[in-house]
Each structure stands twice: as C-alpha cells, then as structure tokens.
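See structure below.
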There are 2 protein chains.
Amino acid sequence: MDQHTENHAADSDDAPAAEPRLLAEEVVERLRDLIIQGELAPGVKLNERVLCERLRTSRTPVREAIKFLASEGLVELLPNRGAIVTPITAATVREMFVLLGALEALAGELACVNASDAEIAEIRALHYQMLAHHARGELSPYFRCNQQIHLQLIECAGNATLANTYRALNGHVRRARYMANLSQERWDHAVEEHQKILDALSRREGAVLAALLRSHLSNKMQVVLEALGEQMA
Amino acid sequence: MDQHTENHAADSDDAPAAEPRLLAEEVVERLRDLIIQGELAPGVKLNERVLCERLRTSRTPVREAIKFLASEGLVELLPNRGAIVTPITAATVREMFVLLGALEALAGELACVNASDAEIAEIRALHYQMLAHHARGELSPYFRCNQQIHLQLIECAGNATLANTYRALNGHVRRARYMANLSQERWDHAVEEHQKILDALSRREGAVLAALLRSHLSNKMQVVLEALGEQMA
DNA sequence: GGAGGGTATTATGCATACAAAATGTCTTAC
DNA sequence: GTAAGACATTTTGTATGCATAATACCCTCC
C-alpha cells in the first residue's frame, strides 16, 4: 500500500492503464526467487502457515502461488501433505541441460535471422562488460552478465513462446548453479566460448552458432553435475 | 462425495498406496480438457461462479486451477478482471510450431539412441493402426493415433523434462488443430511423411529423423495457419 | 436522441472458518 | 524395552464471508 504512490509515479510515464498488482502474483515472484536462490532448498516442505507469516499474507494467495509454481515445476504437490520444493537430481539436471541446449541452439539460429544490429550490439556490450568482470575475478557480477547475455540472445530470436519456455527451465537450473564453484581454467574456457558465440552471431552464422551454444551448454552441464557430486560423460 | 465410493472400487486394483485425488487437480484436468477441446473457446471469460456450478465445487479449487493453468499458458490472468482462455493468434501458433519442431527433432535424435526395440515396435503398431484409419477415412481416430505416435516418440527419448515441456505446448496447438480441416491431398502427404519418420527411427538415423520431424511439423503448421485464415511461408 | 455521470449490481481478491487427513505423542500391553 | 493403538495436535483442503474493483444500468442533462 505504501508503495502504491511510487508505483503511480512510474505509471504516469506512458502506460495507458497501469496494471494493478495481484497479491498472488507477488507471492509467486517472491517464492520463486526464494527457491531459485536456494533460500528454500530443494526438498524442503512448504509450510503454509510459515509462508503466510513470512510473506505477510493469508493462505489463499500462498496456496494459489504454490499451484502456479507447481505447474512451473519448481514445487511438487503431495496430495493432503502439502508441497515441497522440487528436489534436484543429477538426472533432471542432465535432462534440463539437454533441453536448454536445444532451445538455445534454436534461439541462436533464429537470432541470426531476426536480430537487429542494435540487439547484437547490446549483446556485444554485455559481452565486454562480462570480460571486465572476468578480468577482475568478480564471479557474481560475471554470472549476472552471463545470464543477461543468454537471455538477450533468446530475446532477439523473436519468439516469445520460446523465451517463456527458456525462462522457466533456466530458473530450474539456476537453482543448481548456485552450488557450482567454477575453477579458473573452466572459467577461462567459458569466456573463450562466449567469444566464439559472439563472433558467430555477429556474422549471423546460424548453424555454427547453434553448435557452439549446444556445446557451451554441455560444458555448463559438466560443471553443475560435478558440483552435484556426480560426473558422467 | 457421491463419486467417492466408485473411486474406492478403482483404487483396490493393485496400486499399493492409492493417491488421494485432489479436487483442485480434478478441476485442472477438467478445465484443461474443456479448453483444449475448444468447449471453452479462445478469448472467452472464465466466470468463477459459472465454473463452480458446472464443476460442482466451490470457488477455491476453481481459482487454484485457474492459477495452475495460467502458469501452463492456457489461460490469461487479467488482474481484478478474472481470467480468459488464452486467445490463439497466427503469431503464437507459428512460434509454438517452431518450438515444437525443435523439441520433436531433439526427441527424435534422443530416441534413436535411447529407444528400446520394443518401444519402436509399439510405434510401428500405432503407425499401422493409423494407416488403417487413413484408409477408411476416419479422421478423428486418425488424429488420436497420430497424437499417440508423437507422444510415444517423445516418451522413448527418455527425457521426462522434454516430455513435460512438449505436452504443455502440444496442448496449446491441439486447440488450434480442432479447427483444421485436412484436405485429402495434405492428409496423404502427412501419412507419407509418417512412413519416412518410422523408417528413419527404425534405422536409428537420428539426424535424418530430426530433419523429417522438423519438416513434418512445419507442414502441420501450414495446415493450421491456413485453417486460421492466414497463410504465410 | 445521444453522451456523460452516478448509482446498483456483479464479480473478483483476500481472509477466515470449518472439516478431514496426517502427524506426533502418550499410554498400555506384551 | 518395544511395538501397537488411541488420542491430541497440527496441517492441509474446501467452503464461505467480506471488502473492493469493475461492470451494467439508468437517469439526467445537453
């Protein structure tokens, strides 16, 4: 309610009808963040009463949010026993990265056709920003930049359905990535890959870009799986 | 409540711990079917009171189901104005088929590696069943068989995450396909494509199968788009 | 006669109350 | 001492109530 005023200030920009925020939606986003950032760890039970107190709301929005996130796959419903944060297994991580690889490859191909020069320039800018973080050894900002690059790439594929699907899946694996501790060697290698990716995109070589992205994702998968305590080919 | 007894009868089959059906889940499935089969047409408003009467329940499960389906993308939430069945546009149909193409291509590649001979045999059986329906001009059973083949193919890729993603997207496009009226020529062509698909799968030629599936999906898209009253390349 | 505004009605959003299932605890019997 | 059962507590699932936003309707004014 207190934030209402500032919202209005932002609304008067150019949006004709300001969207009224739904409490359930806020709870969805807050819960999602808690889950993705691992504050609600995989496997933990979601106690409605506790969440209500934490989020300062009643059970109805919380329950609706849980149903929403269940559809998204971030939580699992146990009939008459509530819900838990979806556990992370090596198997599901592998599945997701395979899928993400295919999605990014598709996005890459589409981006080579549909991206505007301005969009590619934006990715290049993010890339150099990322290089800076890499040079300074700033891991967390590096990850943020990295994420933004991938999201921007998806975005400029010009396929909103693809983007939505990607985002949902990406949220899942980001949970796992919070555990991953990158070695310097792997980190350097990832940056090299990103350089090649940027080059292929700049030249709009769709097939090459697709292959690079698939391989890049595969390497990311290795890192995450090793962090999960299990490695395989 | 009256249905409770019959449910129990079914439970005693062989399942060790019969899962207690949740009312909200039943509503999800019932609503989803109504939407996919077009009984709740794209764009129509979901009136909670009406749905409650129709599904013989209170607003709570209905609202939770709507949130669930919103996450799935089948309904759109309009804050303070309820929800509508997500409208179908040529643009989103195109997006979804492009994505489905990539997913099926991936599934095809994986299936060529992971599918058991028994699974492929099952697909072959479904294929011949489909040929029979085609020969008799039975459109609706043909579609069912066709769906089963594609689902089975996805299934034997051995990637549950991929399967889930596919199912959700497939539900969306099936809404549109209910409008599509297949010409005999296109129908014949689709059957030919399926023959090639089966052959490639039998020979476990992943790359070939992937390409075939992509092209098959692209053709399906044409049919649906034309039925939507708009054609484009 | 049409447009604008104000009121009445309806529908949604959130909170809460009630019922049933699950869980935990304590007692008792062996 | 342990296991089984009954009871108490907690938690979930569903229904309902209340407040507010949106809609529809009607009346007035131009």
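Within every chain, numbering begins at 1; the chains are lettered A, B, ... in the order of the sequence lines, protein sequences first and strands thereafter.
- We find the CD1-CZ distance between A/Ile88 and A/Arg175 to be 4.0 Å, quoted to the nearest 0.5 Å.
- Residues A/Val28 and A/Leu22 are not in side-chain contact: their nearest non-hydrogen atoms beyond the backbone lie 4.5 Å or more apart.
- Aromatic ring pairs are classed by plane angle as parallel below 30°, tilted from 30° to 60° and perpendicular above 60°; the pair A/His194 and A/His127 is parallel.
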Across nucleotides 6-15 of chain D, 5' to 3', mark each nucleotide with B, S or - according to how protein heavy atoms within less than 4.0 Å reach it. -----SBBBB
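- To the nearest 0.5 angstrom, B/Leu51 atom CG is 6.0 Å from B/Ile66 atom CD1.
- Using a 4.0 Å cut-off between a side-chain N of Lys or Arg and a carboxylate O of Asp or Glu, B/Arg81 and B/Glu76 do not qualify as a salt bridge.
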